[in-house]
Amino acid sequence: MNAAVHAADLAHAELVQNLELFEAATCATITQQVHKLRTHWVHRHPSAPFYTLGAAAYLDGDKLGAKHYQSEIKRTRAIVVAHFGTLYETLLQVLRTALEDECEYHPNYGLPGFHIYQAHPLFEQRMGTVHVDGQFADTGGFGLTEVDLQRQYSMTLALRLPKSGGGLKVWPVNGVKLRGAGSERLAEVSQSKPKAIYHEYKVGRMALHSGALIHQIAPIKQLQPGDERLTLQAHTVWADGRWLIYW
């Protein structure tokens, strides 16, 4: 496996890898399509313009339960497949090459979906909690039996970024065992360990890293009116003998 770092072997690889997916013009076309589907966006913040398109396990499963997550999959799957089928096929092929093994989208799980952050002063301060991925644990399982949360990767494909850019903070710390302790405990651990690295996103490139690492969306610097941070989000976990891609 040569694309990203296993959480147990942090010293021997970069924490975040970049995979080339699309030219800027293709990203602009995908962005336009996401905006055409605005009636299907879900507003995820009580006061700031943060939206999602698609079913997200960490929001629809963790906060609202596995049944709600499954209902959101049914509501959104046909919509995103109809509009982003080529995107999903490209992502699948890239991951099969990068992970050097079989990958698939399971019909009972949400397909990769979109984060949409629009300009707001709050996003210059914080855009997300310090966390460890493992959203699969919030989905209800849906019949899969052998799942290894130490073998998981998280992906962000930048489609549109603010003028000052955007990125990710990643700590070289395996936090899977602390996942249930909450974001405050993870934040405490991150303060006592080596400093986070900052990984800058590039439009058209997908950042791939171990989801077992402690990480956080980096705040945006010097937001300008009309700025937007639009990304495709996905996870993959080793489940029943292959990589399962989901969100």
Side-chain angles (χ1 to χ4, degrees), residues 19 21-22 26-45 48-95 103-118 123 127-129 131 133-142 144 152-161 166 168 201 203-208 211 217 228-237 239 243-247:
L19 304 179
L21 262 74
F22 298 116
T26 301
C27 293
T29 299
I30 296 170
T31 295
Q32 291 173 357
Q33 194 63 64
V34 171
H35 278 267
K36 288 179 181 179
L37 296 172
R38 182 156 189 156
T39 56
H40 299 285
W41 294 7
V42 177
H43 195 183
R44 299 293 191 173
H45 194 281
F50 167 44
Y51 307 88
T52 61
L53 174 62
Y58 83 103
L59 293 167
D60 297 312
D62 182 27
K63 295 184 178 180
L64 298 171
K67 288 185 178 180
H68 179 77
Y69 175 59
Q70 198 163 24
S71 71
E72 281 298 287
I73 293 168
K74 293 178 180 178
R75 182 182 72 83
T76 62
R77 191 178 186 93
I79 296 167
V80 295
V81 167
H83 292 88
F84 306 109
T86 300
L87 168 58
Y88 292 137
E89 184 58 34
T90 300
L91 176 61
L92 186 64
Q93 295 304 322
V94 167
L95 285 176
C103 304
E104 69 174 54
Y105 300 116
H106 194 287
N108 292 338
Y109 289 85
L111 289 166
F114 302 88
H115 273 172
I116 307 110
Y117 289 91
Q118 298 182 329
F123 299 145
M127 297 187 66
T129 61
H131 67 284
D133 290 324
Q135 290 86 339
F136 184 87
D138 306 319
T139 65
F142 297 143
L144 297 176
Q152 59 163 314
Y153 294 94
S154 296
M155 295 151 270
T156 298
L157 169 64
L159 296 165
R160 186 182 184 191
L161 293 171
L168 181 72
Y201 291 147
V203 168
R205 293 182 182 178
M206 184 173 70
L208 176 70
I217 298 174
E228 183 175 64
R229 181 188 186 279
L230 197 159
T231 60
L232 180 77
Q233 303 291 142
H235 307 286
T236 186
V237 65
W243 292 104
L244 171 67
I245 306 167
Y246 74 102
W247 189 40

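The shown structure was predicted, so the numbers you read here are calculated from the model rather than taken from an experiment. Side chains are part of it too, since the values below use all heavy atoms of this structure and drop only hydrogens, waters and symmetry mates.
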Could you tell me whether the side chain of Tyr105 and the main chain of Tyr88 form a donor-acceptor pair under 3.5 Å? yes
side-chain hydrogen bond (donor to acceptor under 3.5 Å, both in side chains) filter on Arg75, not counting sequence neighbours, yields Glu72
Applying salt bridge (charged side-chain N to carboxylate O under 4.0 Å, His left out) to Glu89 and not counting sequence neighbours gives none
Go through His35 and Leu230 one step at a time and tell me if the side chain to side chain contact (heavy atoms under 4.5 Å, CB included) criterion holds. CA-CA 10 Å; His35 278 267; Leu230 197 159; 4.1 Å; yes
Scanning both residues in full, the closest heavy-atom pair of Ile73 with Pro107 reads CG2-O, 4.3 Å
Interatomic distance, OG1@Thr26 vs CG@Leu87, rounded to 0.5 Å, equals 10.0 Å
Smallest heavy-atom separation, Leu244 atom then Ala239 atom, equals CB-CB, 4.4 Å
From the list Val80, Leu53, Thr29, side chain to side chain contact (heavy atoms under 4.5 Å, CB included) partner of Val34 resolves to Leu53
Contacts satisfying salt bridge (charged side-chain N to carboxylate O under 4.0 Å, His left out) that involve residues 26-44 (not counting sequence neighbours) are Arg44-Asp60
On a heavy-atom basis, the closest approach of Leu91 and Pro112 is CD2-CG, 3.8 Å
Residues passing the ring pair (Phe, Tyr, Trp, His ring centres under 6.0 Å) test with His43, sequence neighbours excluded, are Tyr51
Taking Ala158's backbone N and O only, do any of them form a donor-acceptor pair with Thr231's side chain (distance below 3.5 Å, no angle check)? no
dist Leu157:CG -> Leu21:CG (nearest 0.5 Å) comes out at 5.5 Å
Correct closest heavy-atom pair for Leu159 and Leu232 would be CD1-N, 4.1 Å
Interatomic distance, OG1@Thr236 vs CH2@Trp247, rounded to 0.5 Å, equals 16.0 Å
side-chain hydrogen bond (donor to acceptor under 3.5 Å, both in side chains) filter on Thr156, not counting sequence neighbours, yields Gln233
Sequence neighbours excluded, the answer for side-chain hydrogen bond (donor to acceptor under 3.5 Å, both in side chains) partners of Tyr58 is His115
Output for pair (Leu111 CG, His106 NE2), nearest 0.5 Å, gives 12.0 Å
Across all chains, not counting sequence neighbours, the ring pair (Phe, Tyr, Trp, His ring centres under 6.0 Å) partners of Phe114 are Phe84
The reported gap from CZ in Phe123 to CD in Glu228 (rounded to nearest 0.5 angstrom) is 11.0 Å
Exercise. Stepwise, does the side chain to side chain contact (heavy atoms under 4.5 Å, CB included) test hold for Tyr109 with Val237?
Worked result: CA-CA 12 Å; Tyr109 289 85; Val237 65; over 6 Å; no
side-chain contact (heavy atoms from CB on, under 4.5 Å) filter on Cys103, not counting sequence neighbours, yields Leu92, Leu95, Arg96, Leu99, Trp243, Ile245
Residue set satisfying side-chain contact (heavy atoms from CB on, under 4.5 Å) with Ser154, at least two apart, ordered chain then number -> Asp133, His209, His235
Sorted by chain and residue number, the ring pair (Phe, Tyr, Trp, His ring centres under 6.0 Å) partners of His68 (sequence neighbours excluded) come out as none
Shortest non-hydrogen pair, Tyr69 vs Gly110, comes out as OH-N, 2.9 Å
Residues at least two apart in sequence or cross-chain that pass side-chain hydrogen bond (donor to acceptor under 3.5 Å, both in side chains) with His40, listed by chain then number, are none
Applying salt bridge (charged side-chain N to carboxylate O under 4.0 Å, His left out) to Arg77 and not counting sequence neighbours gives none
